[in-house]
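Report on the following structure.
Starting from 1, each residue takes its place in the sequence as its number.
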Amino acid sequence: MIRLSQKSDIEKIIHLWNEAFGDSEDEIRFFLDSRYNPDNTVIYEIDGDIAAVLFLLEGNMSINGSDYPSYYLYAACTLKKYRGRGIMTDLLAYTKEITNSRSKHFICLRPGEKSLFEFYQKHGYKNFFKVKKVTYDFSCINQKTETEICNSSYETDVIRNKAFSGGCFFKWDKQAIDFAFSHNRFYGGNSLITRKGYLLYAILDNVLSVKEITFTNKFDLLDAVSNISHDDIDRINVLFPPWANEKGEIVDYAMITAVNEKSQNIIEEIDNAYLGLTLE
């Protein structure tokens, strides 16, 4: 039986999530405490078991200056003993139905593995969001600059919307963006915010990986990075929006499906859309 979640389902959801992704209970509760909404959590129940679950996070697709209420589909998973029965197929179909009934237009998602792109394609999702991968040698940063650093409560949503307003992108509200910053810190990452923009990053194995950046050019990026104290950084890996004026490799990043004919017509001719924050 497919139904919307209830708060009494949380312990079973934690068990399922842990089995599927290997995250600890603390990690799972960190998400649930902030982002869990029973009405936006779809489950498949079999004989009292929660066999599968997925979460719908609210946002907007910003297309040519117009915003279309949409969902981002997150953490879809199935208990091992129920896999191979088409359960997730049924959940995806049901999710499209309720998305349309709620007057929303699109569902977006980022497959957790490359092999899952093909799975979602079979269910009406298309490659839509791209990123431009660029790598810089850290040695190009000579000295710390006088970049003005802002506190973490600065208007991150205003910064983000202004930076990406010239393109097609998934627009999060401030609560969602602030959670993404907290989520990144929870997993050992950090952020840096200036009056020109922000970057969300993590440092691992001598590599500074920038998960999202709103600076318009590499010079603002490098100025900001010069304020990060870390002696062992060898290089900087950046995921830019696909339209960024930098040389790099453009790769498929995430997918979208339209839930009705009108929505399908809206996205038909669009290319180089940007998703960005995905709570990884």
Side-chain angles (χ1 to χ4, degrees), residues 1-60 69-104 106-113 116 119-120 123 125 170 172-189 200 202 211 254-255 257 259 275 277-280:
M1 175 181 70
I2 298 177
R3 63 173 173 85
L4 298 178
S5 177
Q6 303 169 358
K7 290 188 177 180
S8 58
D9 296 321
I10 285 180
E11 296 305 318
K12 292 181 179 179
I13 289 173
I14 290 173
H15 169 72
L16 168 54
W17 185 318
N18 170 262
E19 183 194 86
F21 302 120
D23 294 333
S24 69
E25 182 173 337
D26 286 344
E27 291 170 328
I28 300 166
R29 288 191 185 277
F30 180 80
F31 170 82
L32 294 175
D33 288 345
S34 297
R35 304 297 289 163
Y36 172 69
N37 178 343
D39 291 337
N40 289 346
T41 305
V42 186
I43 66 174
Y44 196 111
E45 186 177 33
I46 299 177
D47 297 331
D49 279 345
I50 295 181
V53 66
L54 59 81
F55 300 86
L56 299 172
L57 307 181
E58 299 200 29
N60 287 282
S70 303
Y71 283 128
Y72 175 70
L73 191 155
Y74 184 67
C77 55
T78 305
L79 279 174
K80 292 178 182 177
K81 67 180 180 180
Y82 292 116
R83 292 176 187 173
R85 301 188 187 185
I87 289 174
M88 188 55 65
T89 294
D90 291 343
L91 276 187
L92 293 175
Y94 179 81
T95 300
K96 278 190 179 182
E97 292 176 6
I98 63 171
T99 300
N100 188 38
S101 71
R102 295 175 179 182
S103 300
K104 297 185 183 294
F106 307 104
I107 305 173
C108 308
L109 59 83
R110 186 181 181 211
E113 301 174 4
L116 290 176
F119 170 79
Y120 285 110
H123 298 291
Y125 286 81
F170 195 87
W172 298 100
D173 63 18
K174 189 175 190 302
Q175 181 182 8
I177 296 172
D178 287 346
F179 175 76
F181 274 62
S182 298
H183 186 272
N184 188 53
R185 287 195 300 272
F186 184 84
Y187 282 89
L200 203 64
K211 298 181 178 181
M255 309 179 81
T257 189
V259 299
L275 175 63
L277 301 176
T278 57
L279 310 185
E280 294 178 329

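- For the pair L79 and H15, the minimum side-chain heavy-atom distance is below 4.5 Å.
- Residues L57 and W172 meet the side-chain proximity criterion, which asks for heavy atoms closer than 4.5 Å.
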Please report the C-alpha distance between R29 and I14 in whole Å, then the side-chain angles of each, then the deciding distance to 0.1 Å, and finally whether the side-chain contact (heavy atoms from CB on, under 4.5 Å) criterion is met. CA-CA 8 Å; R29 288 191 185 277; I14 290 173; 3.3 Å; yes

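- The shortest non-hydrogen separation linking P111 to A254 is CD-CA, 4.4 Å.
- The only member of T89, T95, T257 that meets side chain to side chain donor-acceptor pair (under 3.5 Å) when paired with H123 is T89.
- Minimum heavy-atom separation, L200 to L277: CD2-CD2, 3.6 Å.
- Across every non-hydrogen atom of D39 and R102, the tightest pair is O-NH2, 2.9 Å.
- Y120 approaches A76 most closely through the heavy-atom pair OH-CB, 4.0 Å.
- Counting only heavy atoms from C-beta outward, the side chains of L92 and L73 approach each other to under 4.5 Å.
- Separation of the F186 and F179 ring centroids does not fall under the 6.0 Å cut-off.
- Rounding to the nearest 0.5 Å places CD of Q6 at 10.0 Å from CD1 of I13.
- Of the listed residues (L16, V42, D9), just one forms a side-chain contact (heavy atoms from CB on, under 4.5 Å) with V53, and that residue is L16.
- A heavy-atom distance below 4.5 Å is found between the side chains of P69 and K104.
- A donor-acceptor contact closer than 3.5 angstrom links the side chains of Y36 and S5.
- Atom CZ of F106 is separated from atom OH of Y125 by 12.5 Å, given to the nearest 0.5 angstrom.
- How far CD1 of I107 is from CD1 of I98: 7.5 Å, rounded to the nearest 0.5 Å.
- Listed here is the closest heavy atom pair of G48 and K12: O-NZ, 2.5 Å.
- Using a cutoff of 4.0 Å between basic side-chain nitrogens and carboxylate oxygens, D178 and K174 are scored as salt-bridged.
- With a 4.5 Å cut-off on side-chain heavy atoms, T78 and L91 do not count as touching.
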Test log, rule side-chain contact (heavy atoms from CB on, under 4.5 Å), inputs L54 and L109: CA-CA 11 Å; L54 59 81; L109 59 83; over 6 Å; no

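- Here the straight-line distance linking atom SG of C108 with atom OH of Y74 works out to 15.5 Å at 0.5 Å rounding.
- Taking a 6.0 Å sphere around CD of Q175, one finds it holds 12 or fewer heavy atoms contributed by other residues, nucleotides or ligands.
- Between E27 and Y187 there is a side-chain heavy-atom pair separated by less than 4.5 Å.
- Of the inter-residue distances, the one linking I10 atom CD1 with I28 atom CD1 reads 11.5 Å to the nearest 0.5 angstrom.
- Salt bridge absent: R35 and E58 never bring a charged side-chain N and a carboxylate O closer than 4.0 Å.
- Salt bridge R3/E45: present, at least one basic N to carboxylate O contact under 4.0 Å.
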Show your working on side-chain contact (heavy atoms from CB on, under 4.5 Å) between Y72 and T278 and close with a plain yes or no. CA-CA 9 Å; Y72 175 70; T278 57; 3.3 Å; yes

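- With hydrogens and angles ignored, the 3.5 Å screen pairs no side-chain donor or acceptor of N18 with any backbone N or O of S24.
- For the pair I43 and I2, the minimum side-chain heavy-atom distance is 4.5 Å or more.
- Under the 30°/60° scheme for interplanar angles, the aromatic rings of H183 and F30 are found to be tilted.
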Can you list the steps and then say if F55 with F31 is a ring pair (Phe, Tyr, Trp, His ring centres under 6.0 Å)? CA-CA 11 Å; F55 300 86; F31 170 82; 5.3 Å; yes

